Amino acid sequence: MQTNKNTPIKNDWTREEAVSLLNQPFNDLLFSAQQIHRENFDPNYVQLSTLMNIKTGGCPEDCAYCPQSAHYDTGVEAEKLLDLTDVLTQAKAAKEKGATRFCMGAAWRQPKQKDLEKVMAMVEAVKATGMETCVTLGMLSREQAKNLKSAGLDYYNHNLDCSPEYYSKIISTRDYQDRLDTLDNVRQAEINVCSGGIIGMGEDQNDRAGLLLTLANMSKQPESVPINMLVQVEGTPLKDADVPDAIDFIRIIAAARIMMPASYVRLSAGRNEMTDEMQALCFLAGANSIFYGEKLLTTDNPQLEQDKMLFERLGMQSSQH
Ligand code: SAM
Ligand code: DTB
Ligand code: SF4
């Protein structure tokens with residue numbers, strides 16, 4: 001049983017409990033979420049992570065949402081792993097602009113040893129700038145996780161993406177258990193876990209509850225929980241999926257906050273399609289981290305000026321005092 005100095009952490013959520021949380025009257029749900037948020041975090045603080053795609057496209061996996069999968073014709077060209085100098089230049093620029101964490105993503109199923117060594121050098125160099133480091137490279141063995149830890153890696157991102165029940169509709173080239181095993185390897189290596197999912201892939205409330213409770217019931221909850229709204233990309237099978245209702249999306253953020261009180265909940269992909277008011281309600285519901293920078297991996301994210309204006313309107317700070 002995980003403990004937390006402020007709100008007790010519950011690791012035995014049932015589907016019924018999670019569904020009933022999601023279906024509470026909106027005001028009750030947001031009030032509880034904001035109360036729990038205040039017990040654990042500064043309510044006006046948002047953590048900024050900047051993403052960089054260090055290896056674009058040509059991925060052998062068939063994730064139905066992903067523009068980088070080689071299975072779909074999305075116009076994303078496969079590139080080689082970038083050089084350390086390019087990565088470091090971008091990392092320094094991100095730090096300059098106010099990011100506190102630099103997340104490097106690679107379109108791999110699992111890294112090869114020689115590539116992992118190059119990424120380890122990137123982690124070391126980025127860490128030396130004083131920023132926190134995060135990478136997302138696909139599946140990892142226990143040994144590979146240990147190697148990344150030895151390079152000084154702070155966080156590993158590996159999303160569950162959806163509930164175990166919905167998973168086979170989205171990906172056929174790797175199992176849900178493969179994902180859980182990777183997260184276990186990351187945890188065993190004492191790297192912070194960043195894991196969340198995507199909303200808007202045609203799933204229902206039951207599936208959304210299933211994703212949240214799988215994350216919340218881990219023996220130690222992920223330190224960081226990215227909630228992505230699907231970015232619909234031309235050429236992917238999910239291009240025309242039903243766009244989630246904004247109120248339903250905000251409910252998921254609130255439920256994530258309540259179920260994982262001590263975790264950073266990141267309002268991740270999809271912000272470019274959200275109004276300021278929707279984002280404001282997500283922050284009220286307990287989101288306290290975003291991707292900051294004009295690009296996610298291959299798709300657009302809000303302009304920095306736009307985000308700065310939003311923080312100013314909301315009186316939110318991105319550096320802790
Ligand atoms: N290849 C690695 C992997 O899948 O673990 C790392 C990179 S992958 C692009 C990281 C995550 O980005 C995916 O797990 C998924 O949750 C998210 N993602 C990818 N395409 C997306 C999209 N179109 N909309 C929202 N999230 C997306
Ligand atoms: C996460 O949960 N979302 C990020 C990051 N982790 C790696 C990726 C979003 C990708 C959106 C689609 C794209 O830009 O290619
Ligand atoms: Fe590859 Fe990751 Fe995209 Fe899946 S989500 S196709 S593993 S880059």
Side-chain angles (χ1 to χ4, degrees), residues 49-63 65-71 76 78-88 90-91 94 99 101-127 131-161 170-171 173-198 222-226 228 266 268-269 291 293 295-299:
S49 290
T50 293
L51 251 183
M52 181 178 185
N53 205 352
I54 59 169
K55 158 60 184 94
T56 301
C59 184
E61 304 294 278
D62 67 354
C63 312
Y65 48 77
C66 188
Q68 303 196 78
S69 165
H71 295 254
V76 172
E79 289 173 15
K80 291 201 318 253
L81 179 62
L82 295 181
D83 284 336
L84 172 61
T85 46
D86 296 337
V87 175
L88 195 55
Q90 296 279 327
R101 189 176 309 156
F102 195 66
C103 307
M104 296 162 269
W108 289 323
R109 171 179 165 81
Q110 177 160 9
K112 297 192 187 81
Q113 195 52 32
K114 76 167 185 2
D115 288 331
L116 191 74
E117 281 160 21
K118 289 184 186 163
V119 174
M120 286 164 66
M122 292 175 191
V123 168
E124 277 173 33
V126 173
K127 200 174 168 71
M131 266 191 292
E132 291 178 318
T133 53
C134 176
V135 296
T136 178
L137 315 171
M139 296 191 284
L140 281 191
S141 67
R142 193 154 289 205
E143 206 47 44
Q144 289 179 316
K146 279 192 199 151
N147 286 339
L148 286 167
K149 174 70 182 177
S150 72
L153 184 70
D154 297 301
Y155 288 81
Y156 194 82
N157 167 247
H158 196 63
N159 291 337
L160 292 181
D161 283 343
I170 305 298
I171 299 150
T173 49
R174 73 163 70 129
D175 296 341
Y176 208 75
Q177 190 57 46
D178 293 328
R179 291 185 184 257
L180 296 171
D181 291 347
T182 291
L183 291 175
D184 191 46
N185 292 339
V186 170
R187 187 53 89 201
Q188 295 300 328
E190 297 183 354
I191 298 168
N192 291 309
V193 171
C194 174
S195 188
I198 307 179
E223 282 78 9
S224 165
V225 180
N228 296 275
R266 181 173 308 129
S268 303
F291 284 122
K295 238 191 166 64
L296 290 164
L297 291 172
T298 64
T299 66

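Keep in mind that what you see is a predicted model, and the values were worked out from it rather than measured.
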Practice problem: Kindly say whether Gly197 contributes a backbone atom to a donor-acceptor pair with the side chain of Asn228 at under 3.5 angstrom? | Solution: yes
Quiz item: Does the Asn185 side chain pair with the main chain of Leu140, one donor and one acceptor, at a distance under 3.5 Å?
Solution: yes
Exercise. Apply side chain to side chain contact (heavy atoms under 4.5 Å, CB included) to the pair Leu82 and Met52, showing each step before the final yes or no.
Key: CA-CA 10 Å; Leu82 295 181; Met52 181 178 185; 3.5 Å; yes
Quiz item: Within the side chain of Glu79, is there an N or O that forms a donor-acceptor pair under 3.5 Å with the backbone of Lys55?
Solution: no
Quiz prompt | Inter-residue atom distance Thr85.OG1 - Met122.CE, 0.5 Å rounding | solution = 9.0 Å
Quiz prompt | Polar side-chain atom of Asp154 near backbone of Cys134 as donor-acceptor pair, under 3.5 Å | solution = no
Quiz item: Testing Thr298, Leu297, Thr56 for side-chain contact (heavy atoms from CB on, under 4.5 Å) with Pro67, which one passes?
Solution: Thr298
Self-check item: Minimum heavy-atom distance between Arg109 and Thr173, given as atom pair plus value
Solution: NH1-O, 2.7 Å
Quiz prompt | For the student: nearest non-hydrogen atoms of Cys103 and Ser49, plus distance | solution = SG-CB, 3.9 Å
Quiz item: After noting the C-alpha distance and the side-chain angles of Asn53 and Gln68, does the key distance pass the side chain to side chain donor-acceptor pair (under 3.5 Å) rule?
Solution: CA-CA 11 Å; Asn53 205 352; Gln68 303 196 78; 3.1 Å; yes
Quiz item: Checking Gln188 side chain against Arg142 main chain: does a donor-acceptor pair fall under 3.5 Å?
Solution: no
Quiz item: Distance-only, no hydrogens or angles: does the Arg266 side chain make a donor-acceptor pair with backbone N or O of Ser224 under 3.5 Å?
Solution: no
Quiz item: Where do Asn147 and Met120 come nearest, in terms of heavy atoms and distance?
Solution: O-CE, 3.4 Å
Quiz item: Where do Lys127 and Thr133 come nearest, in terms of heavy atoms and distance?
Solution: N-CG2, 3.6 Å
Quiz prompt | Reported NZ-to-CD distance for the pair Lys146 and Glu190, which is rounded to 0.5 angstrom | solution = 11.0 Å
Quiz item: Do Trp108 and Leu81 pass the side chain to side chain contact (heavy atoms under 4.5 Å, CB included) test, and can you show the C-alpha distance, the side-chain angles, and the key distance before you say yes or no?
Solution: CA-CA 10 Å; Trp108 289 323; Leu81 179 62; 4.0 Å; yes
Practice problem: Give the intermediate values and the outcome of side chain to side chain contact (heavy atoms under 4.5 Å, CB included) for residues Ile171 and Asp62. | Solution: CA-CA 6 Å; Ile171 299 150; Asp62 67 354; 3.7 Å; yes
Quiz item: Any side-chain heavy atom of Val126 sitting closer than 4.5 Å to one from Met104?
Solution: yes
Practice problem: Would you give the length of the straight line joining atom CD1 of Ile191 to atom CD of Glu223, rounded to the nearest 0.5 angstrom? | Solution: 11.0 Å
Practice problem: Locate the shortest heavy-atom distance separating Glu61 from His71; write the atom from each residue and the value. | Solution: O-CD2, 3.1 Å
Quiz item: Would you say Gln113 has more than 12 foreign heavy atoms packed within less than 6.0 Å of its CD?
Solution: yes
Quiz prompt | Min side-chain heavy-atom separation Asn192-Val186 under 4.5 Å | solution = no
Quiz item: Has the side chain of Tyr156 got a donor or acceptor atom that lies under 3.5 Å from a matching backbone atom of Leu137?
Solution: yes
Self-check item: Residue pair Asp161, Tyr65: steps toward the side chain to side chain donor-acceptor pair (under 3.5 Å) verdict
Solution: CA-CA 10 Å; Asp161 283 343; Tyr65 48 77; 2.4 Å; yes
Quiz prompt | Inter-residue atom distance Arg101.CZ - Glu132.CD, 0.5 Å rounding | solution = 4.5 Å
Exercise. Using atom types as modelled and distance alone, determine if a side-chain donor or acceptor of Arg179 lies under 3.5 Å from a backbone N or O of Asn159.
Key: yes
Quiz item: So Asp86 and Gln90, side chain to side chain donor-acceptor pair (under 3.5 Å) or not? Walk me through it.
Solution: CA-CA 6 Å; Asp86 296 337; Gln90 296 279 327; over 6 Å; no
Quiz item: Looking at Leu183 and His158, what are the two nearest heavy atoms and their distance?
Solution: CD2-O, 3.5 Å
